[in-house]
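Per chain, numbering begins at 1; letters A, B, ... match sequence-line order.
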Amino acid sequence: MSLAWLARRLLLMGYTLIVVSMLVFAITQILPADAAQSLLGENATPDMLAALRAKLGLDAPAWQQYLRWAGRVFSGDFGISMRTSQPVGPDMLTALSRSLLLAVSSILVTLLVAVPLGVVAALRHGRLTDAGVSLIAYLGVSLPEFVTATLLALLLADTLHWLPATGYISLLEDFGDGLRHLALPVLTISVILIAHVMRMMRSETLDVLKSDYIRAARLKGLPERTVLFRHALRNAMLPVVTIIALDVGYLLGGIIVIEEIFAIPGIGRALMVAITTRDLPSIQAGALIMAATYAITNTLADMAYALLDRRIRYD
Amino acid sequence: MTELFIRLIRRPQGLVGVALLALIAIACLFGPALAPYAPEKIDFLGRFRAPGWQNWLGADQFGRDILSRLMVGARSTVPMALVATLAGSAAGAIIGVGSAYLGGRIDEAIMRTNDAVMAIPGLLMALLLVSTLGNGAGNAVVAIAVAYAPGMARVTRSVALNIRNQDYVKAAIARGESAVWIIFREMLPNVMAPIVIESTIRVSFAVMLFATLSFLGVGAQPPASEWGLMVADARQYMYQAPWGLIAPSAAIALTAIAFNLLGDGLRDALNPKDER
C-alpha cells in the first residue's frame with residue numbers, strides 16, 4: 001500500500017461524499033417544486049409558507065442553497081429538527097451508535113456461522129450437505145428482510161416466547177436484557193448476510209482448491225489439514241473482506257426496515273420518522289450519515305485488502 | 001432461441017424457475033378471473049378463518065379470501081418489479097456502454113461518479129425519491145429504477161470495455177459512424193447476454209424492494225392487495241391468524257426464488273463452458 005495509492009483512495013472517498021451530499025440535497029430540497037408547500041401541506045397559510053421559505057433559504061438559486069447547506073454540514077451543524085426543535089446532529093449520532101452496535105454484532109455472527117458453512121459446502125461439493133447449504137442460501141437471499149423479521153418474531157417471540165418481540169434496552173443500562181432485545185434483530189440481519197457470505201465463501205474455496213498451488217502443496221505431501229488451513233483458506237478469505245464491505249451498504253438499507261419492525265431507535269428508524277413527518281433537516285442528516293458510513297467502511301475495507309494481499313497494486 | 005430454451009429447462013434450476021414463472025404469469029394475466037372470490041368481498045362470519053375447504057389459504061381480518069387476494073395482488077406486485085428493472089437496466093446499460101465507448105478520462109469521471117452514487121443504499125435512495133415524489137406504486141417504480149441504474153451501469157461497462165477493443169467497433173469508428181450508431185447498433189447488442197442475466201436476477205430484488213416500500217407504507221396503497229401491503233396488514237393479527245402473514249410472504253419468496261433460478265439457469269445456458 002503505497003502513499004500515493006492511499007492519497008488517491010482518500011481523495012476518491014472525498015469525491016464520493018461530495019457527490020452524495022449533492023444528490024441528497026437535490027432530491028430533498030431542489031427537486032420538489034415548492035419544498036415549503038410540500039413540507040407544510042395543503043393547509044399552510046401564506047405567512048407560514050413565507051416564513052419557512054426564508055428559513056430554508058428557498059428563494060436563493062439552487063447552487064447557493066447547496067453551498068450554504070454544505071458549509072454548515074461540513075462544520076457539523078445539521079440544522080434544527082422541525083419536529084422536536086432540537087439540533088439534529090447529536091440525536092442522529094446517538095441513533096447511529098445504536099445502529100452500529102446492531103450492524104457490528106450481525107457481522108460477527110455472520111462470520112462465525114457463514115465461513116465454516118461455506119467451507120464445508122465446498123469440501124462436500126456436489127453432495128447432500130452442499131445441496132442443503134446452497135438451498136438455505138437461496139432461501140436467505142429470496143426473502144425480504146421484513147418477511148424474515150416478521151416470521152422470526154412470530155416463531156421466537158409470539159409462539160415460543162423465547163425472546164422479546166420489540167424494543168431496545170441499552171447494554172449499559174442492563175446488559176442481559178439489552179442482549180435479549182438485540183437477539184431477534186441481529187438474527188434477522190444475520191440470516192440474510194449468512195446466505196450471501198456463505199455462497200461467496202463456497203465458490204471462492206472451490207476456486208482455490210482447484211488452483212495449481214494447492215495441487216503443489218498436496219503433491220509435496222503436506223497433510224490435508226495444513227493444505228486447507230494454511231494454504232486454501234487464507235486465500236479464499238480475502239474476497240470475503242470485500243463482500244462484507246459491500247454488504248454494509250445492503251445492511252444500512254436493511255437496517256431501516258429492521259429497526260422499524262423491532263422498534264429500535266437507531267438511524268434507520270430516525271430516518272423513517274423524519275420521512276413520515278417530513279422533517280427535512282433530519283432526512284438530509286440521516287441520509288448523509290448513512291451514505292458516509294458506507295463510503296468510509298468501503299475505504300477501510302480497500303485498505304485492509306491492500307494490507308492483506310501484497311500482490312495488489314492499484315495504480 | 002428454442003435451442004436456448006431447451007438448454008435452459010434441461011437443468012433442474014432452469015426448469016423449476018421457468019415452471020414457477022409460468023404460474024406467476026398465469027396469476028398476473030388471469031388472476032381476477034381464476035380467483036375463487038372477489039378480493040374485496042367482506043365476510044364477517046369468516047373473519048380469521050383458518051385454511052380449509054372454504055378458504056384454501058384462510059381469511060383475513062375482514063374475512064376476505066387470502067388466496068383470491070394473492071392471485072389478484074400478483075398484478076400489483078410482479079409487473080411493477082419488471083417495469084422498474086427494465087427501466088433501470090436500460091438506463092444503466094446506456095450509461096455503461098456510453099462510458100466504455102468514450103473511454104479515457106471521461107470514462108473514469110463517469111464511473112467514479114457512478115460509484116459515488118452507489119454509496120447510497122438502494123432502499124435509502126428509493127425512500128428519498130418516494131418521499132419527494134409522493135407515495136404510490138408508480139413513484140415507487142420510478143424510485144427503484146433510479147436506484148438500480150448505477151449498479152447496471154457498472155456491470156455493463158465492465159463487459160463493454162472488452163467489446164470496445166474488438167475489430168468491428170474499431171472498423172465502425174474508422175468508417176466514421178456516429179457515436180450514437182456505434183453505441184446502440186454495434187456495442188449494445190453485444191453486451192446483451194450479461195445484461196439479461198444480471199437483470200433477471202435483479203427482478204427478484206426489485207420484487208422484494210417494491211414489497212418493502214409497500215410494507216413501509218410508501219409504495220402501493222390500500223386497498224390494493226399488493227403482497228408487501230398484505231404482510232403489513234397481517235402483522236397486527238399475526239398471533240390470531242399467522243396464515244395471513246405466511247401466505248403473502250411465501251408468494252414474495254417464491255417469486256424472488258423463481259427469478260433467481262431463471263437468472264442462474266440463463267447464465268448456465270448462455271455460457272455452456274462454465275461448469276459451476
Side-chain angles (χ1 to χ4, degrees), chain A residues 12-13 15-20 22-24 27-29 31-32 35 38 125 138-139 141-148 150-151 153-155 158-159 203 206-207 248-257 260-261 268 271-272 274-276 278 283-284 286-288 290-295 298, chain B residues 13 109 112-135 143 146-147 201 204-205 207-218 227-228 231-232 234-235 238-239 242 245-246 248-250 252-261 264 276:
Chain A
L12 205 61
M13 188 178 88
Y15 181 66
T16 303
L17 292 179
I18 292 172
V19 171
V20 164
M22 281 175 156
L23 254 178
V24 167
I27 295 175
T28 50
Q29 195 154 329
L31 200 60
S38 70
H125 180 47
Y138 240 103
L139 219 63
V141 290
S142 301
L143 285 170
E145 44 283 341
F146 73 91
V147 169
T148 318
T150 320
L151 291 181
L154 178 67
L155 181 69
D158 286 332
T159 311
S203 73
L206 278 179
D207 276 353
V248 170
Y250 152 75
L251 199 72
L252 289 167
I255 247 171
I256 301 176
V257 183
E260 183 72 13
I261 290 178
L271 192 75
M272 265 327 275
I275 284 177
T276 36
R278 301 185 161 283
I283 298 177
Q284 291 166 339
L288 206 55
M290 283 180 114
T293 311
Y294 179 61
N298 254 307
Chain B
Q13 34 178 250
R112 292 288 167 241
T113 310
N114 192 65
D115 285 357
V117 176
M118 284 176 74
I120 303 180
L123 179 62
L124 176 58
M125 177 70 117
L127 272 174
L128 282 181
L129 282 167
V130 173
S131 76
T132 295
L133 300 171
N135 300 347
V146 173
I201 294 175
S204 72
F205 293 104
V207 169
M208 295 196 265
L209 195 51
F210 186 74
T212 301
L213 289 176
S214 300
F215 175 84
L216 291 173
V218 300
W227 296 343
V231 176
R235 273 187 72 220
M238 67 180 182
Y239 198 52
L245 194 72
I246 291 166
S249 305
I252 296 169
L254 279 180
T255 312
I257 289 176
F259 280 106
N260 257 319
L261 286 173
D264 283 353
R276 213 160 20 84

Reported [atom1]-to-[atom2] distance for the pair [X] and [Y], which is rounded to 0.5 angstrom:
X        : Y        : atom1 : atom2 : value
A:Glu260 : B:Thr212 : CD    : OG1   : 12.0 Å
A:Ile275 : B:Asn135 : CD1   : CG    : 9.5 Å
B:Leu123 : A:Glu145 : CG    : CD    : 7.0 Å
A:Thr276 : B:Leu216 : OG1   : CG    : 10.0 Å

With a 4.5 angstrom heavy-atom cut-off, could you sort out which part of [X] is near chain B: side chain, backbone, both or neither?
X        : value
A:Leu154 : both
A:Ile18  : neither
A:Met22  : neither

**Request:** Not counting sequence neighbours, which residues clear side-chain contact (heavy atoms from CB on, under 4.5 Å) with A:Leu143? List them please.
**Result:**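 Testing A:Leu143 for side-chain contact (heavy atoms from CB on, under 4.5 Å), a comparison that skips the adjacent residues, returns A:Val147, A:Thr148, B:Ala253.
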**Message:** Which residues pass the side-chain contact (heavy atoms from CB on, under 4.5 Å) test with A:Tyr294, not counting sequence neighbours?
**Reply:**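 Partners of A:Tyr294 by the side-chain contact (heavy atoms from CB on, under 4.5 Å) criterion, ordered by chain and then number, come out as A:Leu246, A:Val248, A:Leu252, A:Asn298, B:Ala119.
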So what's closer than 4.5 Å to chain A heavy atoms on [X]: side chain, backbone, both or neither?
X        : result
B:Leu261 : both
B:Ser204 : neither
B:Met125 : side chain

Indicate yes or no: at least one non-hydrogen side-chain atom of [X] is less than 4.5 angstrom from one of [Y].
X        : Y        : answer
B:Ile246 : A:Leu151 : yes
A:Thr150 : B:Ser249 : no
B:Leu128 : A:Leu23  : no

**Asked** Under a 4.5 Å heavy-atom cutoff, which of B:Thr113, B:Val231, B:Leu254, B:Val218 has the most pairs with chain A?
**Response**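 Greatest number of close heavy-atom pairs with chain A: B:Thr113.
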**Prompt:** Can B:Leu129 and A:Ile27 be said to form a side-chain contact (heavy atoms from CB on, under 4.5 Å), step by step?
**Reply:** CA-CA 7 Å; B:Leu129 282 167; A:Ile27 295 175; 4.0 Å; yes
**Message:** side-chain contact (heavy atoms from CB on, under 4.5 Å) for B:Leu127 and A:Met272? Distances and angles first, verdict last.
**Reply:** CA-CA 9 Å; B:Leu127 272 174; A:Met272 265 327 275; 3.9 Å; yes
